[in-house]
Amino acid sequence: IWQAGDSPEAVYIVKEGRANMQIEGAEGNAALVHFCTKAQTFCPAAAISGKAYPCSAIAATDMTLVAVPRSRFMALFSKLPAFARDLLTQMAPQVCDSHCLQAQSMDPVKNRLASTLSLLNQRFKGAKIPFTRQEVANMSGTTVETTIRVLSRWSKDGLILDHGGRLILTDLESLRALAQGEEA
């Protein structure tokens with residue numbers, strides 16, 4: 001959809017599907033820093049600030065997008081205080097989640113994975129988590145091999161259920177304990 005460093009020409013709203021925001025590392029690895037699903041805007045902060053996109057936006061599934069030209073978006077932002085307030089209310093938890101994930105970057109892998117899965121479970125309200133093992137690894141700052149190994153262990157321990165390649169959390173309390181650095 002765009003590459004890191006591109007100028008924000010529009011604000012995008014997901015009508016259908018999912019977009020992933022990711023940052024490429026120096027060695028070619030990607031960190032999935034945010035995702036947007038139906039009815040969400042993504043990276044409106046770049047449009048508001050007028051600064052280049054800090055990350056790339058990739059269509060993770062088949063998507064339908066609505067693109068609002070930046071000039072039109074800024075006019076709405078200025079003229080409609082309720083619109084601006086609603087947008088900032090949507091953005092605030094995203095900023096907090098990003099800060100929390102960054103703070104956890106030094107935690108052991110199992111703690112980061114448990115935290116990531118707990119956040120995703122909350123976001124998808126207990127439904128199947130619609131991400132690949134690679135995407136979960138990218139969100140957690142680890143390798144797909146390590147993610148597969150830990151998730152396999154948790155599946156055997158009854159913490160998660162693999163349902164057709166999608167995860168369902170079956171022991172949320174144990175995963176929350178792991179996310180906080182406690183043994184499950």
Side-chain angles (χ1 to χ4, degrees), residues 13-25 29-45 54-63 85-184:
I13 304 164
V14 178
K15 190 170 179 182
E16 294 292 333
R18 179 173 40 108
N20 289 347
M21 271 50 66
Q22 61 187 38
I23 295 175
E24 301 292 327
N29 53 342
L32 201 158
V33 295
H34 186 62
F35 64 91
C36 292
T37 56
K38 188 175 183 172
Q40 291 184 310
T41 58
F42 51 104
C43 213
C55 57
S56 297
I58 311 296
T61 64
D62 288 340
M63 295 187 71
R85 187 175 37 258
D86 288 348
L87 182 64
L88 293 174
T89 300
Q90 179 187 3
M91 290 170 51
Q94 297 169 6
V95 172
C96 290
D97 288 348
S98 294
H99 289 157
C100 289
L101 288 173
Q102 176 144 11
Q104 295 169 353
S105 67
M106 300 305 289
D107 287 348
V109 170
K110 68 179 181 175
N111 301 73
R112 293 191 319 249
L113 281 168
S115 180
T116 298
L117 291 178
S118 294
L119 286 171
L120 291 172
N121 187 68
Q122 183 178 3
R123 172 85 182 264
F124 291 100
K125 298 175 176 47
K128 288 183 235 176
I129 296 173
F131 290 95
T132 65
R133 302 301 189 264
Q134 182 67 61
E135 290 170 323
V136 171
N138 291 349
M139 284 184 236
S140 303
T142 189
T143 63
V144 69
E145 295 84 5
T146 299
T147 297
I148 290 169
R149 186 174 58 252
V150 172
L151 295 180
S152 177
R153 174 85 255 156
W154 289 350
S155 182
K156 289 177 187 170
D157 291 345
L159 301 177
I160 63 172
L161 176 66
D162 185 331
H163 190 267
R166 300 301 183 227
L167 299 175
I168 298 172
L169 307 189
T170 53
D171 188 347
L172 192 54
E173 290 308 312
S174 293
L175 286 169
R176 284 185 181 143
L178 283 167
Q180 294 173 359
E182 303 167 12
E183 285 301 316

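A distance of 10.5 Å separates SG in Cys55 from CD in Glu24, rounded to the nearest 0.5 Å. Leu161 CG to Leu167 CG: the interatomic distance, rounded to the nearest 0.5 Å, is 8.5 Å. Between atom CD1 of residue Ile168 and atom CD1 of residue Ile129 there is a gap of 9.0 Å, rounded to the nearest 0.5 Å. Going from atom CG of Leu117 over to atom CG of Leu151 covers 6.0 Å, rounded to the nearest 0.5 Å. To the nearest 0.5 Å, atoms CG (Leu159) and OG (Ser155) are separated by 9.0 Å.
Within a 6.0 Å sphere centred on CD of Gln90, other residues, nucleotides and ligands contribute more than 12 heavy atoms.
There is a side-chain donor-acceptor pair under 3.5 Å between Asn138 and Gln134. Using modelled atom types and a 3.5 Å distance limit, the side chains of Thr143 and Thr146 yield a donor-acceptor pair. If you check the side chains of Ser140 and Thr116, you find a donor sitting under 3.5 Å from an acceptor.
The closest side-chain heavy-atom distance from Val14 to Thr37 is not below 4.5 Å. Taking 4.5 Å as the limit, every side-chain heavy atom of Val136 sits out of range of all side-chain heavy atoms of Thr142. In this structure, Phe42 and Ile13 have side chains that are not in contact, with every pair of non-hydrogen atoms separated by 4.5 Å or more. Between Met139 and Leu120, the closest side-chain pair of non-hydrogen atoms falls below 4.5 Å. At a threshold of 4.5 Å between non-hydrogen side-chain atoms, the residues Val150 and Arg112 do not count as touching. No side-chain heavy atom of Met63 sits under 4.5 Å from any side-chain heavy atom of Glu16. Contact annotation: the side chain of Met21 approaches that of Cys36 to within less than 4.5 Å [non-hydrogen atoms, C-beta and beyond].
Annotation for Gly158 and Thr170: closest pair O-OG1, 2.6 Å, computed over non-hydrogen atoms. Minimum interatomic distance between Ala114 and Ala179 (heavy atoms only, all atoms of both residues): CB-N, 3.6 Å. The two atoms that bring Pro44 and Met91 nearest to each other are CG-SD, 3.6 Å, heavy atoms only.
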Practice problem: List the steps and the verdict of side chain to side chain contact (heavy atoms under 4.5 Å, CB included) for Asp171 and Trp154. | Solution: CA-CA 10 Å; Asp171 188 347; Trp154 289 350; over 6 Å; no
Exercise. Check step by step if side chain to side chain contact (heavy atoms under 4.5 Å, CB included) holds for Leu32 and Ile23.
Key: CA-CA 7 Å; Leu32 201 158; Ile23 295 175; over 6 Å; no
Quiz item: How far apart are the C-alpha atoms of Leu175 and Leu113, what are their side-chain angles, what is the distance that settles it, and do they pass the side chain to side chain contact (heavy atoms under 4.5 Å, CB included) test?
Solution: CA-CA 9 Å; Leu175 286 169; Leu113 281 168; over 6 Å; no
Self-check item: Check against salt bridge (charged side-chain N to carboxylate O under 4.0 Å, His left out), Asp162 and Arg133
Solution: CA-CA 11 Å; Asp162 185 331; Arg133 302 301 189 264; 2.5 Å; yes
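Leu172 is linked by a side-chain contact (heavy atoms from CB on, under 4.5 Å) to Ser118, Asn121, Leu169, Arg176, counting only residues two or more places apart in sequence or in another chain. Checked against side-chain contact (heavy atoms from CB on, under 4.5 Å), Ile58 has the following partners two or more places apart in sequence or in another chain: Gln22, Ser56.
In this structure, the side chain of Glu135 engages the main chain of Thr132 through a donor-acceptor pair within 3.5 Å.
Ring orientation note: the planes of Phe124 and Phe35 are close to parallel, at an angle under 30° on the 30°/60° scale.
A salt bridge does not link Asp62 to Arg18: none of the charged side-chain nitrogens sits closer than 4.0 Å to a carboxylate oxygen.
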